[in-house]
A.B. asks: 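My questions will all concern the structure given below.
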Amino acid sequence: MELSEQEINRRQSLDELQKLGIDPYPADIYEVNVTAEEIHKNFPADNSLYQDISIAGRIMQRRIMGAASFTEIQDATGRIQLYFKRDEICPGEDKTMYNIVFKRHLDIGDIIGVKGYVFITQMGEITIHVKEYKLLSKSLKVLPVVKEKEDKVWDAFTDPEQRYRQRYLDLIVNPKIKDVFVQRSRLINSMRSFLNGKGYLEVETPVLQPLYGGAAARPFKTFHNTLDMTLYLRIADELYLKRLIVGGYDGVYEFAKDFRNEGMGRYHNPEFTQMELYVAYKDYKWMMDLVEEMVEKIALDMHGTTKVKVSDREINFKRPWKRLTMFEAIKEYTGIDISGMNEEEIIKVANKVGVETDPSMGKGKLIDEIFGETVEPNLIQPAFITDYPIEMSPLAKKHKSKEGLTERFEAICNGKEICNAFSELNDPIDQRERFEAQLELGKRGDEESMVLDEDFLRALEYGMPPTAGLGIGIDRLAMVMTDQPSIQDVIFFPQMRPEKKPQVSTDEDFIKLGIPKDWVPVVRKAGFKTIVELKQANPNKLFNDLNGLRKKMKLNIPALKIEEVKGWMEK
RNA sequence: CUCUCCGUAGCUCAGUUGGCAGAGCAGCUGACUCUUAAUCAGCGGGUCGUGGGUUCGAAUCCCCCCGGGGAGACCA
């Protein structure tokens with residue numbers, strides 16, 4: 001690849017450092033005994049602390065004033081200023097370590113370790129007075145320099161494409177991003193400790209599945225060579241976890257990566273994280289209480305309060321949350337009671353509220369669409385929607401008392417579903433019929449309808465206790481809890497199209513033509529990325545251009561002769 | 001997949017009606033021993049996303065393609 005001027009400078013510094021006997025990538029452990037955060041926290045109260053410290057981090061900022069310099073380094077906890085003084089770094093006659101190594105060959109982005117003591121400058125900044133330093137890693141790429149003063153930010157690194165593709169850069173330069181992922185981790189820890197506290201068992205089930213099931217979604221397909229069969233990446237872990245309830249565990253849960261082969265956008269990444277929980281001898285009402293308790297606790301653990309700021313609103317997770325049946329909710333937001341209607345009447349309602357319909361949609365799907373269009377975006381504060389139609393809930397138990405409905409709920413918050421739960425269907429004969437109804441939908445053209453899983457039915461035939469099940473979207477919950485507008489902001493490496501690589505020939509290809517090694521970068525600079533392009537060039541013009549560049553770039557290599565250039569063309 | 005906006009130096013962005021490609025930061029050279037968006041003087045840095053077209057002349061106008069954002073579609 002072609003290097004920019006600054007990248008060439010850094011590689012030259014690397015060489016110079018090595019000539020001075022400095023290993024730019026030393027292998028030894030560098031012992032650190034304090035963090036930037038600890039110093040900022042404790043030093044103001046007790047100035048006798050931190051008088052013999054060792055700390056390491058990345059250089060983020062340099063202000064050089066002749067024989068003294070201020071540098072900021074950033075460790076995992078934050079930034080701290082360093083003070084370098086020439087005669088302190090170099091007590092003897094030899095000032096190389098300051099004048100040459102520090103001033104000339106260190107750059108923003110390099111990682112160094114320093115030893116010294118903490119003091120406060122005349123400007124009142126807590127600073128480390130450096131007695132000695134060591135280069136720990138030389139940085140060859142130029143970091144974007146973001147400057148900040150009193151909440152004003154200059155030259156922020158904001159391009160979403162680069163931020164997502166090079167998340168490491170985003171994390172280095174935008175410290176608030178690092179925080180989001182710390183928060184995400186705390187969310188998961190909070191949930192896990194809540195579930196462990198209840199005595200449930202964390203388990204793992206297959207990602208590669210011969211049949212996919214447990215949700216309405218299109219799968220990713222892959223192939224196992226030895227078994228000579230198609231496998232699917234799981235779209236949900238439901239059917240496996242229920243097999244474990246059949247096996248006799250009281251409560252099992254899994255933090256699972258699931259994969260759905262569908263569109264992408266602010267709320268959808270092809271792979272996403274879900275926590276699914278199944279508890280024996282419970283029902284969906286019991287599960288609602290658990291969800292409220294768990295999410296309230298997460299908010300408290302993360303923010304110390306149940307109130308969470310999300311964009312320009314405040315969402316309060318304090319129990320109890322509002323509870324509405326699906327029909328009540330649709331009636332509340334549209335004024336239409338669809339509870340007694342047949343499919344034809346519902347199609348009319350759907351069209352009236354702006355939902356497009358097509359023949360593949362069953363009654364359940366239609367109701368779901370009407371709900372999604374009219375109700376869901378309006379539910380900002382956490383709310384439970386209960387009692388979903390049977391057609392859209394093929395794994396949920398029929399309602400105890402309401403005909404045509406199931407014992408199912410979703411929690412909605414900030415206009416989006418965050419979880420889905422039901423009293424699990426444990427009647428194997430009913431379950432078989434529901435799967436068959438799904439196959440029927442599939443024949444009507446519904447590509448997300450479920451397939452029939454015989455082994456799962458066999459498990460149910462041995463008998464599954466009444467069970468409550470829950471799936472909760474970790475990414476979406478993290479979006480709400482960390483106030484991020486897009487799912488890509490709570491996933492380290494969101495899915496993206498591959499970066500296109502420009503077509504280039506290797507250095508070896510050029511050298512094979514007889515081009516001296518030192519001339520290869522010049523040839524590239526002249527605009528020839530491939531040997532094919534080069535061979536089409538006019539040798540006289542090429543000869544002139546290359547020697548011209550040699551002069552312009554002040555290269556200390558012998559000038560080319562026209563015979564040489566012609567020689568490359570003939571090979 | 002559709003609509004829409006965007007792609008210019010390492011980063012953030014200007015670029016008029018089509019007329020020599022600009023600024024700040026970063027970099028390099030020099031000055032400066034408590035600075036903090038350090039300062040001061042000087043210098044270098046570009047395949048204007050890619051390919052085609054119109055034109056005497058294209059970063060600018062037109063078309064194709066690539067990548068991204070937003071809104072939909074699909075989806076939970």
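Residue numbers begin at 1 in each chain, while the letters A, B, ... track the order of the sequences.
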A.B. asks: Between C34(B), U33(B), G70(B), which nucleotide gets closest to the side-chain atoms of A68(A)?
C.D. replies: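 Side chain of A68(A) sits closest to U33(B).
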A.B. asks: Look at the side chain of Q81(A) against the base of U35(B) and say whether a donor-acceptor pair falls under 3.5 Å; ignore hydrogens and angles.
C.D. replies: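 Under the 3.5 Å cut-off, the side chain and the base do form a donor-acceptor pair.
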A.B. asks: What is the base-pairing partner of C3(B), counting Watson-Crick and G-U wobble geometry with both distances under 3.5 Å?
C.D. replies: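 Looking at the geometry, C3(B) pairs with G70(B).
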A.B. asks: Using whole Å, report how far NE2 of H129(A) lies from P of U33(B).
C.D. replies: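 Computing the H129(A):NE2 to U33(B):P distance gives 15 Å.
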A.B. asks: If we take the C1' atom in both C32(B) and A38(B), what is their distance in whole Å?
C.D. replies: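 Their C1' atoms lie roughly 11 Å apart.
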A.B. asks: Picking from C74(B), U36(B), U33(B), which would you name as closest to the side chain of M123(A)?
C.D. replies: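 That would be U36(B).
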A.B. asks: So what does Y98(A) hit on the nucleic acid, given a heavy-atom distance under 4.0 Å: a base, only sugar-phosphate, or nothing?
C.D. replies: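 Nothing: the residue Y98(A), judged by heavy atoms under 4.0 Å, touches no strand.
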A.B. asks: Between G30(B), U35(B), C11(B), spot the one nearest the side chain of R104(A), thanks.
C.D. replies: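 For the R104(A) side chain, the nearest candidate turns out to be G30(B).
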A.B. asks: Which one is paired to G24(B), where only Watson-Crick or G-U wobble pairs with both distances under 3.5 angstrom count?
C.D. replies: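 With both distances under 3.5 Å, G24(B) matches C11(B).
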A.B. asks: If the P atom of C6(B) is compared with that of U60(B), how far apart are they to the nearest Å?
C.D. replies: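 Going atom to atom, P in each nucleotide, I get 14 Å.
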A.B. asks: For Q488(A), which contact category applies under a 4.0 Å heavy-atom criterion: base, sugar-phosphate, or nothing?
C.D. replies: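 Sugar-phosphate contact only.
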A.B. asks: Please name the residue in the list D159(A), D170(A), D489(A) that meets the side chain to side chain donor-acceptor pair (under 3.5 Å) test with Y164(A).
C.D. replies: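 That would be D489(A).
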A.B. asks: Determine the interatomic distance between C1' on U35(B) and the same-named atom on A31(B); round to the nearest Å.
C.D. replies: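 One C1' to the other, the span is 16 Å.
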A.B. asks: Write down the distance separating the P atoms in U12(B) and G7(B), rounded off to the nearest Å.
C.D. replies: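 Those two atoms are separated by 12 Å.
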A.B. asks: With respect to the phosphate group of A38(B), does any side-chain polar atom (N or O) of R63(A) fall under 4.0 Å of OP1 or OP2?
C.D. replies: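 For A38(B), OP1/OP2 do have a side-chain N/O of R63(A) under 4.0 Å.
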A.B. asks: With sugar-phosphate meaning primed atoms plus P, OP1 and OP2, does Q122(A) contact a base, only sugar-phosphate, or nothing at under 4.0 Å between heavy atoms?
C.D. replies: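 If one applies the 4.0 Å heavy-atom cut-off, Q122(A) turns out to touch a base.
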A.B. asks: Report which part of the nucleic acid D159(A) touches: base, sugar-phosphate, or nothing (heavy-atom distance under 4.0 Å, all strands).
C.D. replies: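 The residue D159(A) makes sugar-phosphate contact but no base contact.
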A.B. asks: Among the candidates C32(B), U35(B), A37(B), find the nucleotide nearest to the side-chain atoms of I64(A).
C.D. replies: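 Between C32(B), U35(B), A37(B), the one nearest the side chain of I64(A) would be C32(B).
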A.B. asks: Can you tell me the base-pairing partner of U17(B)? Count Watson-Crick or G-U wobble geometry only, both distances below 3.5 Å, and say none if there is no partner.
C.D. replies: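 Because no pair has both required distances under 3.5 Å, U17(B) counts as unpaired.
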A.B. asks: Among G68(B), C34(B), C13(B), which nucleotide sits nearest the side chain of M496(A)?
C.D. replies: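 That would be G68(B).
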A.B. asks: Side chains of Y98(A) and S69(A): is there a donor and an acceptor less than 3.5 Å apart?
C.D. replies: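 Y98(A) vs S69(A): donor-acceptor pair found between side chains.
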A.B. asks: Which value, in whole Å, describes the distance between the C1' atoms of nucleotides G44(B) and C28(B)?
C.D. replies: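 It comes out at 7 Å once rounded to the nearest Å.
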A.B. asks: C11(B) and G49(B): how far apart are their P atoms, nearest whole angstrom?
C.D. replies: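 Comparing P positions in C11(B) and G49(B) gives a spacing of 13 Å.
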A.B. asks: Choosing from C11(B), G10(B), C34(B), which nucleotide comes nearest the side chain of Q6(A)?
C.D. replies: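 In terms of side-chain proximity for Q6(A), the closest of C11(B), G10(B), C34(B) is G10(B).
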A.B. asks: Do R62(A) and F84(A) meet the cation-pi criteria used here (NZ or CZ under 6.0 Å from the six-membered ring centre, within 45° of the axis)?
C.D. replies: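 Not satisfied by the 6.0 Å and 45° rule.
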A.B. asks: Check the angle between the aromatic planes of F70(A) and Y83(A) and answer parallel, tilted or perpendicular using the 30° and 60° thresholds.
C.D. replies: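 Tilted.
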A.B. asks: Rounded to the Å, how far apart are F157(A) CZ and C25(B) P?
C.D. replies: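 The answer, rounded to whole Å, is 20 Å.
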A.B. asks: Applying a 3.5 Å limit to both distances, which nucleotide forms a Watson-Crick or G-U wobble pair with G46(B)?
C.D. replies: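 The base-pairing partner of G46(B), which may sit in any strand shown, does not exist here.
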A.B. asks: Please give the distance between the C1' atoms of G18(B) and G53(B) as a whole number of Å.
C.D. replies: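 After rounding to an integer number of Å, I get 15 Å for this pair.
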A.B. asks: Tell me which one of L171(A), V490(A), N174(A) satisfies side-chain contact (heavy atoms from CB on, under 4.5 Å) with V180(A).
C.D. replies: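 With V180(A) as partner, side-chain contact (heavy atoms from CB on, under 4.5 Å) holds for just one option, V490(A).
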A.B. asks: Select from Q274(A) and R165(A) the residue whose nearest nucleotide in RNA chain B is closer to the 5' end of that strand.
C.D. replies: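 It is R165(A), whose closest nucleotide lies nearer the 5' terminus.
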A.B. asks: If you measure only the distance, is there a donor-acceptor pair under 3.5 Å linking the side chains of S139(A) and R58(A)?
C.D. replies: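 On atom types as modelled, these side chains do not qualify, holding no pair under 3.5 Å.
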A.B. asks: For L169(A) and A26(B), give me the distance from atom CG to atom C1', rounded to whole Å.
C.D. replies: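 L169(A) atom CG is separated from A26(B) atom C1' by 14 Å.
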A.B. asks: Among A37(B), G69(B), A38(B), which nucleotide has an atom closest to any side-chain atom of K149(A)?
C.D. replies: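 So the side chain of K149(A) is nearest to A37(B).
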A.B. asks: Which one, A37(B), C32(B), G27(B), comes nearest to the side chain of I108(A)?
C.D. replies: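 Comparing A37(B), C32(B), G27(B) against the side chain of I108(A), the answer is G27(B).
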A.B. asks: Could you pick out which residue, Q495(A) or E369(A), lies toward the 5' side of RNA chain B when each is mapped onto its nearest nucleotide?
C.D. replies: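 Counting from the 5' end, the first nearest nucleotide belongs to Q495(A).
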A.B. asks: Applying side-chain contact (heavy atoms from CB on, under 4.5 Å), run through R434(A) and I390(A) and close with a yes or a no.
C.D. replies: CA-CA 9 Å; R434(A) 303 270 199 103; I390(A) 192 163; 3.7 Å; yes
A.B. asks: Could you tell me the separation between the CD1 atom of I126(A) and the C1' atom of U36(B), rounded to a whole number of Å?
C.D. replies: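 After rounding, the reported distance stands at 14 Å.
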A.B. asks: Counting heavy atoms from C-beta on, name the nucleotide in A26(B), A37(B), U33(B) closest to the side chain of K85(A).
C.D. replies: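 Nearest to the side-chain atoms of K85(A), counting from C-beta on, is U33(B).
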A.B. asks: Can you find an N or O donor on one side and an acceptor on the other, under 3.5 Å apart, linking the side chain of E148(A) with the base of A37(B)?
C.D. replies: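 By the distance-only test, no, there is no pair.
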A.B. asks: To the nearest Å, give me how far apart CD1 (I80(A)) and P (C34(B)) are.
C.D. replies: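 Value for this atom pair: 20 Å.
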A.B. asks: Starting from C1' on G10(B), measure out to OH on Y168(A) and report it in whole angstrom.
C.D. replies: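 Rounded to whole Å, this separation is 14 Å.
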A.B. asks: How many whole angstroms separate atom CD1 of I100(A) from atom P of C28(B)?
C.D. replies: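 Taking CD1 of I100(A) and P of C28(B), I get 13 Å after rounding.
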A.B. asks: Which label fits F255(A) and Y253(A): parallel for a plane angle under 30°, tilted from 30 to 60°, or perpendicular past 60°?
C.D. replies: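 The rings of F255(A) and Y253(A) stand perpendicular, inter-plane angle above 60°.
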A.B. asks: Side-chain N or O of K147(A) less than 4.0 angstrom from OP1 or OP2 on G24(B)?
C.D. replies: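 So the side chain of K147(A) is outside the cut-off, no N or O lying under 4.0 Å from OP1 or OP2 of G24(B).
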A.B. asks: Does a nitrogen or oxygen in the side chain of R10(A) sit under 4.0 Å from OP1 or OP2 of G27(B)?
C.D. replies: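 No, R10(A) has no side-chain N/O under 4.0 Å of OP1/OP2 on G27(B).
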A.B. asks: Of the listed nucleotides (G27(B), C11(B), A26(B)), which one gets closest to any side-chain atom of Q162(A)?
C.D. replies: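 Nearest listed nucleotide: C11(B).
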A.B. asks: Checking base pairs now: Watson-Crick or wobble, both atom distances under 3.5 Å. What partners U39(B)?
C.D. replies: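 Its partner is A31(B) (Watson-Crick or G-U wobble, both distances under 3.5 Å).
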A.B. asks: Report the base-pairing partner of G57(B) (Watson-Crick or G-U wobble, both distances below 3.5 angstrom), or none.
C.D. replies: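 No nucleotide pairs with G57(B).
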A.B. asks: Will you find, in the side chains of Q81(A) and R63(A), an N or O donor that is under 3.5 Å from an N or O acceptor?
C.D. replies: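 A donor-acceptor contact under 3.5 Å links the two side chains.
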A.B. asks: Counting only distance, no hydrogens or angles, is the base of G24(B) paired donor-acceptor with the side chain of D155(A) under 3.5 Å?
C.D. replies: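 Such a pair exists between side chain and base.
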A.B. asks: Is the phosphate of C66(B), meaning OP1 or OP2, less than 4.0 Å from a side-chain N or O of R497(A)?
C.D. replies: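 Indeed not, no polar side-chain atom of R497(A) lies that close.
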A.B. asks: Send over the distance from Q61(A) CD to U39(B) P, rounded to a whole Å.
C.D. replies: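 After rounding, the gap between these two atoms is 10 Å.
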A.B. asks: I'd like to know if E5(A) reaches the base of G44(B) with its side chain, counting only an N/O donor and acceptor under 3.5 Å.
C.D. replies: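 A donor-acceptor contact between them is present.
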A.B. asks: I'd like the C1' distance from G15(B) over to A59(B), given in whole Å.
C.D. replies: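 Roughly 8 Å separates the two C1' atoms.
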